[in-house]
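First comes the structure, then the notes that go with it.
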Protein chains: 2
Amino acid sequence: MGITERREREKEEIRRKILDAARELFMTEGYDKVTMRRVAEAIEYSPTTIYHHFEDKDDLVEALCHEDFAKLLAALDPALLPTDPIERLRMLGLAYARFALANPNQYRFMFLTPREEHPHPEDSPGYQSFGVVRQMVADAKAAGRLRDDDVDAMAQTLWACVHGAVCLVTTFRPEQFPCVPPAADLIERTVDASIRGLLKE
Amino acid sequence: MGITERREREKEEIRRKILDAARELFMTEGYDKVTMRRVAEAIEYSPTTIYHHFEDKDDLVEALCHEDFAKLLAALDPALLPTDPIERLRMLGLAYARFALANPNQYRFMFLTPREEHPHPEDSPGYQSFGVVRQMVADAKAAGRLRDDDVDAMAQTLWACVHGAVCLVTTFRPEQFPCVPPAADLIERTVDASIRGLLKE
DNA sequence: CGCCATAACTTAACGTCGTTAACACACAGA
DNA sequence: TCTGTGTGTTAACGACGTTAAGTTATGGCG
């Protein structure tokens, strides 16, 4: 009775094809250019077929996004970071920014698009990514290196700062807005300043 | 020969009406809901009429945006701020955030939408707003309060941090993402930490 | 085998959007 | 009085997300 299993495998296969085609369009041309019709054309099916695998366009991009949160979580793997708590935080910030700059369209959808209908459950990669930050802030705090007691608030502050630098760099081209410096420079400066602002004494 | 003047006055009047209707829609319902047809309906003209006053939808929203940059510049008026350079910077950051939180849709378009075709000339309010930040950073530097020498880079760093806090707060509702704290609290903490990170010793 | 239910997939359409071509009309200047 | 310019309209085009209806293939079952 391997028939239904084969069916499921085939269904999964085309779901995979849809996701891959959508991601290709999404990465290279951005959200607006991911139209159901273009995705369908890319996989050589009719647009209606996509609706058998995803509820609507939002659901499709949401699925993409879910995969990307997993990638982000992997990119923040604590095992890859130094042991000194502060240096660790610094490298975490840079790794986060590296992910964002490498996947600007995804980042935009993940962190810059209001997604009221899709909250992050506690065991989701998105939630866990924040957990990594919080844990490292907690470690730095435990090592007596931070000035404040509110670990959550400090983690959010760091996140906000790096997020801001990433947003500026990915939104504006250097020549467009007043004197935006080389991307890497602004990000490094922002990570440094925000961490320093939380240090004890 | 007041005829052409009356004509121009009338033309200006309807342009004004279009902008007002568009702003109303834009503020309350966001960019997507500002359709040429709905704006036209609001002012009781045909959609085509709008195209006699604005090149396309982008041009219309761009005009809205231009007005908002002027409002931002006004909201950052240095005369309203304290005299101590650091306290001044702090209040500037809070005033910036206040503007953003009061006009989230406009803020989104102003600072979160890539606008490749519309750079900011040096005398534009957008450019000048950054000038205000840079000037205050320069003053703090002149007062010997800052650790670094690169005024532009420090101004951009502060901007990035506040921008990031504003983006998080306007994008996510408190219950949606991990433990986002009360908006005002995160913003204040971010302003404080980023400035502290730039202080001398 | 022959019938049929179900799932996969398509065609064709609806309503919305931004935008534009074609036309109508008022009216100042000759 | 004619004419051109500016101001406005209607009606359409093509692209979009989405869906109703229909087609086809195929495994299950008498």
Side-chain angles (χ1 to χ4, degrees), chain A residues 1-19 21-23 25-26 29-65 105 109 113-118, chain B residues 1-19 21-26 28-65 105 109 113-118:
Chain A
M1 187 66 76
I3 291 171
T4 60
E5 289 156 16
R6 195 208 62 208
R7 281 265 175 94
E8 273 178 26
R9 219 168 41 236
E10 286 172 355
K11 180 148 188 169
E12 195 52 43
E13 218 167 86
I14 174 173
R15 182 188 159 92
R16 193 64 259 152
K17 275 171 104 172
I18 294 172
L19 280 172
R23 161 162 285 114
L25 283 170
F26 195 70
E29 312 205 41
Y31 180 88
D32 287 345
K33 299 300 177 60
V34 181
T35 71
M36 301 305 251
R37 285 171 164 89
R38 286 186 69 177
V39 172
E41 193 182 358
I43 60 171
E44 297 178 301
Y45 281 83
S46 77
T48 317
T49 300
I50 303 180
Y51 289 89
H52 292 133
H53 299 264
F54 299 93
E55 222 177 87
D56 51 24
K57 181 178 176 182
D58 207 55
D59 189 35
L60 169 56
V61 187
E62 185 68 25
L64 276 188
C65 186
N105 287 333
F109 190 79
T113 306
R115 303 151 77 250
E116 319 223 353
E117 307 84 16
H118 302 278
Chain B
M1 186 65 78
I3 291 170
T4 59
E5 290 157 15
R6 193 207 62 209
R7 282 266 173 95
E8 272 179 29
R9 219 166 42 235
E10 284 172 356
K11 181 148 188 169
E12 196 50 44
E13 219 167 87
I14 175 173
R15 182 187 159 93
R16 193 65 256 152
K17 276 171 103 171
I18 294 173
L19 281 172
R23 161 161 286 114
E24 170 71 17
L25 283 169
F26 195 71
T28 57
E29 311 206 42
Y31 180 88
D32 287 345
K33 300 300 177 61
V34 181
T35 71
M36 301 307 252
R37 285 170 166 88
R38 286 185 69 178
V39 172
E41 193 181 358
I43 60 171
E44 298 178 301
Y45 279 83
S46 78
T48 318
T49 299
I50 303 180
Y51 289 89
H52 290 135
H53 299 265
F54 299 93
E55 221 178 87
D56 51 25
K57 182 179 176 182
D58 206 56
D59 189 35
L60 168 56
V61 188
E62 185 67 26
L64 275 187
C65 186
N105 288 333
F109 190 80
T113 306
R115 305 151 76 248
E116 319 224 353
E117 307 84 15
H118 303 278

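We name chains A, B, ... by the order of the sequence lines, and we start the count at 1 in each one. In what follows, every heavy atom counts, from backbone to side chain, and hydrogens, waters and symmetry copies are set aside.
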message: I'd like to check the ring-ring contact (aromatic ring centres under 6.0 Å, His included) partners of A:F109; sequence neighbours left out, ordered by chain and number.
response: A:Y31
task: Please identify each residue that fulfils side-chain contact (heavy atoms from CB on, under 4.5 Å) with B:S46, with sequence neighbours left out.
output: B:T48, B:T49
- line: Residues pairing under salt bridge (charged side-chain N to carboxylate O under 4.0 Å, His left out) where one sits in residues 28-44 of chain B, two or more places apart or in two chains, turn out to be B:E29-B:R38
- prompt: Atom NZ of B:K17 to atom C1' of D:dT7: distance rounded to whole Å?
  reply: 14 Å
Residues in side chain to side chain donor-acceptor pair (under 3.5 Å) contact with B:D59, at least two apart in sequence or another chain: none
Axis-to-axis angle between the two ends of the helix from C:dC1-D:dG30 to C:dA30-D:dT1 (five base pairs per end, rounded to 10 degrees): 40°
message: B:E55: which residues meet the side chain to side chain donor-acceptor pair (under 3.5 Å) condition with it, sequence neighbours left out?
response: none
task: Mind listing the residues from residues 30-41 of chain B sitting with a heavy atom below 4.0 Å of DNA chain C? Number order is fine.
output: B:V34, B:T35, B:M36, B:R37
Would you tabulate the nitrogen or oxygen pairs shorter than 3.5 Å linking the protein to nucleotides 4-6 of chain C?
none

- prompt: Going by heavy atoms in the side chains, are A:E10 and A:I14 under 4.5 Å from each other?
  reply: no
query: Sequence neighbours excluded, which residues qualify as salt bridge (charged side-chain N to carboxylate O under 4.0 Å, His left out) partners of B:E62?
result: B:R115
task: To the nearest Å, give me how far apart NZ (A:K11) and C1' (C:dA8) are.
output: 8 Å
statement: Those residues at least two apart in sequence (or on a different chain) that pass side chain to side chain donor-acceptor pair (under 3.5 Å) with A:D56 are none
task: Please list, by residue number, the residues of residues 47-62 of chain B whose heavy atoms come closer than 4.0 Å to an atom of DNA chain D; answer none if no residue qualifies.
output: B:T48, B:T49, B:H52, B:H53
